[in-house]
> 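Here it is, the structure in full.
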There are 2 protein chains.
Amino acid sequence: MNGTRRIASSLDEMDLAILERVEDDFDVSLETLAEELDLSKSAVHYRLNKLKDNGVIRSVTADVDPLAFGLEMVAITDVSVTHETGYSEDIGEELIARQGVEQVYYTMGDVDFVVISRVQTRDQLNDLIDRIVAIDGVNETSSKFVMQEFENNRTIAANITDAARESILGMSTD
Amino acid sequence: MNGTRRIASSLDEMDLAILERVEDDFDVSLETLAEELDLSKSAVHYRLNKLKDNGVIRSVTADVDPLAFGLEMVAITDVSVTHETGYSEDIGEELIARQGVEQVYYTMGDVDFVVISRVQTRDQLNDLIDRIVAIDGVNETSSKFVMQEFENNRTIAANITDAARESILGMSTD
DNA sequence: AATGAAATCGACCAGCA
DNA sequence: TGCTGGTCGATTTCATT
């Protein structure tokens, strides 16, 4: 029951190296990976499959550029709700189901939800906020525009703290 | 110079259908895709390549489960800076470079940056906040814990508003 | 857990509508 | 420009260690 209880099975440094590579770019060939890691192609393939089976790799996905869709406007909206207990899960599901909403966080604090959404125009944002306010239980919203985004490509394996890395490599097999 | 100016080239409904599918799961075989879309394997492949060349598909990536790394704690940190102008880009780069930080948004409003980070323990979060405060120009921070996340798998194509969809399909070729 | 060989699937090309 | 069908190369699978 410590901070690492859900780790699927022991990951070694080779697994981390593979993850750091494919989390950023899965289009790399098995041959290139095998050379970089000094392993046979089959061994790399075997480890990738194991990582998928273990759920460490949840899925392989295409990363679509929102700008290619004209989605140039990002907003962060704080949402407070009326009944604070019990309904939060339902309201979270309602929020994430709204077209244009990308991420929803339920937080401790004076605002209950932080909602990040992406749209084309200010009109679309106004419309989205109307659709948020229409959700039963939503009390008040307050939005701010994002001027600039700094992103990470979601490369979790390459982005963990040193302490977290130690903790992962120290795990033994289930 | 309208809201859709950066759209790479005209996308049709077939492209959108392909994107909706592969943005969620790129592990689907060409054959399955071809059957689902009533197209030949080569045609699907041709369109996928075009979408990559156009930059609509930025990359293909492995989606790693943060819980598999014991990263159970998410925090949203508001960061205000001392010199409001000029240095914002530098500070944003500094923030995103910190281990544990996933996303950074530079906003209009009383807080300047919204930082979303993911760590294993409260100690690691404290350490991360120390590393944020140490950045030159950072004035004040205020963090809240995330109790629950609602996520979208970042499926942009399946998540655009109807208005945005109309706007995209209505485009003509450059 | 890793290997090499055999079967399957995806990438690429020339040509066509 | 978008698509087809075929070839080649890469990936997946499997028996074996």
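The basis for the numbers below is simple: all heavy atoms, side chains too, and nothing from hydrogens, waters or symmetry mates. This structure is a prediction, so every number in the text was calculated from the model and none was measured.
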> Rounding to a whole Å, what distance do you find between Lys52(B):NZ and dG10(C):C1'?
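One finds 10 Å between C1' of dG10(C) and NZ of Lys52(B), rounded.
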> Given atom CG of Leu48(B) and atom C1' of dC3(D), what is their separation to the nearest angstrom?
14 Å
> Could you state the atom-to-atom distance from CZ of Arg47(A) to P of dA2(C) in whole Å?
4 Å
> Is there a side-chain contact between Ser42(B) and the phosphate of dT4(D), meaning an N or O under 4.0 Å from OP1 or OP2?
no
> Verify the contact: side-chain N or O of Lys41(B) to OP1 or OP2 of dC9(C), cut-off strictly under 4.0 Å; return yes or no.
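No, outside the criterion.
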> Can you list the residues that meet the side-chain contact (heavy atoms from CB on, under 4.5 Å) rule with Asp27(B), with sequence neighbours excluded?
Lys52(A), Val60(A), Asp25(B)
> Examine the side chains of Glu89(A) and Gln148(B) and answer whether a donor and an acceptor come within less than 3.5 Å of each other.
yes
> Examine dA2(C): is either OP1 or OP2 under 4.0 Å from a nitrogen or oxygen in the side chain of Tyr46(A)? Give yes or no.
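Tyr46(A) to dA2(C) OP1/OP2: no side-chain N or O under 4.0 Å.
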> What is the distance, to the nearest angstrom, from the CG atom on Asp15(B) to the P atom on dG2(D)?
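Result: 8 Å.
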> Flag yes if Leu169(B) and Leu11(B) sit in one hydrophobic cluster, no otherwise; membership is Ile, Leu, Val, Met, Phe, Trp, Tyr, and two members link when side-chain heavy atoms are under 4.5 Å apart.
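Shared cluster, yes.
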> Roughly, in whole Å, what's the span from NZ in Lys50(B) to P in dC12(C)?
17 Å
> Separation of Asp27(A) atom CG from dA11(C) atom C1', in whole Å?
12 Å
> OP1 or OP2 of dT11(D) sitting under 4.0 Å from any side-chain N/O of Asn49(A)?
no
> Could you list the donor-acceptor pairs under 3.5 angstrom formed by side chains in residues 127-140 of chain B, with sequence neighbours left out?
residue	atom	partner	partner atom	Å
Asp127(B)	OD2	Arg131(B)	NE	3.2
Arg131(B)	NH1	Gln99(B)	O	3.4
Arg131(B)	NH2	Gln99(B)	O	3.3

> What's the CG-C1' distance between Leu11(B) and dT1(D), to the nearest Å?
15 Å
> When you measure from the side-chain N and O atoms of His45(B) to the phosphate of dA11(C), is any distance below 4.0 Å, counting only OP1 and OP2?
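So the side chain of His45(B) is within the cut-off, an N or O lying under 4.0 Å from OP1 or OP2 of dA11(C).
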> Give the rounded distance in Å between these two atoms: CG of Asp38(B) and C1' of dC3(D).
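Taking CG of Asp38(B) and C1' of dC3(D), I get 14 Å after rounding.
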